[in-house]
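Notes follow once the structure below has been shown.
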Amino acid sequence: MHKIKVTHNRGLIRGVVVVLLVVFAILAIDSTRLSDQLPDVIRQMLADGSNKLSGSNLKSQPTPNLATLLHPKEHIGRPPSIKTLHWTVTSDFRRPDGVNKKVYLINGQFPGPLIEVRSGDMLVVQVENALADGEGMSIHWHGLHQRGSLDMDGAVGYTQAPIPAGGNMTYDFKVSNDQHGTFWYHAHDQVQRGDGLYGGLIVHKPTLDVPSEQESYEYEQEHVLMVGDWYHRQSRDVMAWYQTAASFGNEPVPDSLLVNGQGAYNCSLSVVARPIDCIQRSQVEQNAVVVPGPGRYRYRLINVGTLAGLTFSFGGAAVTAIQVDGGHQITMESGSQVGILHPGERVDILVDWSAEASSILISLDEESFRYPNPALEVDHLIPVTLGSQKIFSAPPETTSIAGNLSNVMALTTADIPPEADETFVVYVTSVKLAHLDNIPTGFINHTTWKPAQIPLISSLRSTWDENQLVPFIPLVESNPLWIDVVINNLDDGSHPFHLHGNDFYILRQNKGGSYWGSYNPFEDEEMPGGGAYNILNPVVKDTVVIPSRGFAVIRFRADNPGVWLFHCHVMWHLGSGMAMGLHVGNDKEHVGEWLKVASKVLELCNASLAQVLLDNALGIGVLEGQHAAAGVLDEDDLLRAEQLLRDDERAQGVACVAAGVADDMGVAELNAVRGRRVDACVHAGDWRTHARGQ
Ligand SMILES: [Cu+2]
């Protein structure tokens, strides 16, 4: 039909030619801009007989959407695969909310790129640290279990040393078959997370013989919203201020709020004492959350911030929270808001948008703000584009208490014993002590954490220093132990605690009142607040809020061997030492099986060299560099180590096993070929047997 029209209208042909030339000229300048829309544009033009592109056609790029659209259909129906990413980490100046600040970039992006995978995928992320000034870094995959890949957890001081500037490291691990949900990744060295070194990580649930989540929950689309408080000074400067007596132990109060790396700051609010380079951007000018039309949408909310809890209201629409943290289903009545979501926590919600919607309101919880910051607005309105209309109006006032995240239950009943096999009781607090120059310091019991120079997984427990509080839990593979941890919070203000490598049940959370409501099950007849543990339908999470002056009790099954960091996710508290660990294993002295191999090599040479031999054998070149950087070894040591590796039969054996040369190991061999799974080889039998196979 178009052909006929064109044949009979020479003017139109000329018009089309001119338009095509213009379009191709534009394409030549920017090949990505209109390429997707070209056929539609031309078709539309031919169909309505016009001979020129209208203004709206020229600007017909999709409206920028503040929410990040997800693509579950690309993942839920396919078999597991390997996703390989190449990341270069740099830093540069950006204006996320109009205020100029040096932020971290991954492949030039702030925040980092969104990762979408499915359960069972292998994730291979080659990270190049291109930061200047010798700045190290690491990436932690928040919420992923790292079963069998402890060394990929990214926790500096526990599972790795920082990737040195100019160095690189490949994170290479399997996303467990039984994990799906909303996760994220972030820096786990120093305070880089506060300057944007993070991103979303969504694990879609495969639909082999179950309906998709979209079908079950009946929503149109799903999006990610990463929301967090924001400081206009760099986090290291903010931390430095906090770590002086001048802060009086008050946590730094943020200046702003970002949603998916974007915000709108009112420049006139800035305070004289902290001048900023600011370009005014009003909240109404922000990119909107685009809703194609009334209906139900899923939003995956992640608090990527450093201090403040968040409460969300979605334009007066009904909000139903369906999952928390890594995809754990909950039951909750619909309300008009949801909160408080603390740093590190995630909640997935369904929003039923109606035609009368107003904007999204996000409020920072002021509980942890101990001094006024006139530069900060605690309420942020986010425009919504519903259909073609951009809406910027506050949602109606609400007194609804539905959507209270401090009191949620699991959708299904739990299969857990009435009592744990072992219980740990800890007390956490941030205090200023005269003998520590009144610098606020985080304590768990009597220990303040400092990351070990040699990561715990690479050293013998007997060599760990006094800054490591890491109870040992024996791994009983036939029937793993149930462990309770009672965490008492001695502070005003809550501490959201995150456990690496494990999910847990929350049996109890209780907020203190005018009193300190601590709980020690070994001494107290009754729990503060009365009642008993919820072992019927406790919610499962990986981050738990320890309420102000109160306590929380978590229970988990010690079936994932490793040394797992357990820490406050308020970055200022983590940075000042509020962290401990839990060591699950079958050998108290050695965290990793490969350390046993190292012990054997020890007979031959000294401990440091054994470590280097092993690192070489494992192909973890970066560790070698780290040991050198930490001043443990000099270049001569490394040369001697290499020589030893060449000369010594046993060292060669380790190398051979690691290289997967032995041919009788099956899966273990496969892992070894991957270059770093010598422990798997050890599991498969005595390493020397394999070595002799050469
Ligand atoms: Cu804290």
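We count ligands from 1, going down the list as the structure has it; atoms in each ligand are counted the same way. Heavy-atom basis, side chains included; hydrogens, waters and symmetry copies ignored.
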Quiz item: Would you say the side-chain atoms of Ser235 and Asp195 include a donor-acceptor pair closer than 3.5 Å?
Solution: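 On atom types as modelled, these side chains qualify, holding a pair under 3.5 Å.
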
Quiz item: Which residue pairs satisfy the side-chain hydrogen bond (donor to acceptor under 3.5 Å, both in side chains) criterion with at least one member in residues 570-582, sequence neighbours excluded?
Solution: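 Checked against side-chain hydrogen bond (donor to acceptor under 3.5 Å, both in side chains) - neighbours excluded - the pairs reaching residues 570-582 are Tyr231-Trp572, Glu251-His573, His495-His573.
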
Practice problem: With 2.8 Å as the limit, jot down which protein N, O or S atoms are around the Cu ion (ligand 1). | Solution: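 Under 2.8 Å from the Cu ion (ligand 1) - ignoring waters, which are not counted - the protein N, O or S atoms are His495 ND1, Cys568 SG, His573 ND1.
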
Self-check item: Residues forming a salt bridge (Lys or Arg N to Asp or Glu O under 4.0 Å) with Asp379, sequence neighbours excluded
Solution: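 Once residues adjacent in sequence are excluded, Asp379 has no partner under the salt bridge (Lys or Arg N to Asp or Glu O under 4.0 Å) criterion.
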
Quiz item: For Arg461, which residues count as a salt bridge (Lys or Arg N to Asp or Glu O under 4.0 Å) partner, sequence neighbours excluded?
Solution: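 Residues passing salt bridge (Lys or Arg N to Asp or Glu O under 4.0 Å) with Arg461: none at all.
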
Practice problem: Classify the angle between the aromatic ring planes of Trp141 and Phe173 as parallel (below 30°), tilted (30 to 60°) or perpendicular (above 60°). | Solution: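 Rings of Trp141 and Phe173: tilted, as their planes differ by 30° to 60°.
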
Quiz item: Roughly how far, to the nearest 0.5 Å, is the CD1 atom of Ile360 from the CZ atom of Phe314?
Solution: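 If I round to the nearest 0.5 Å, the distance is 4.5 Å.
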
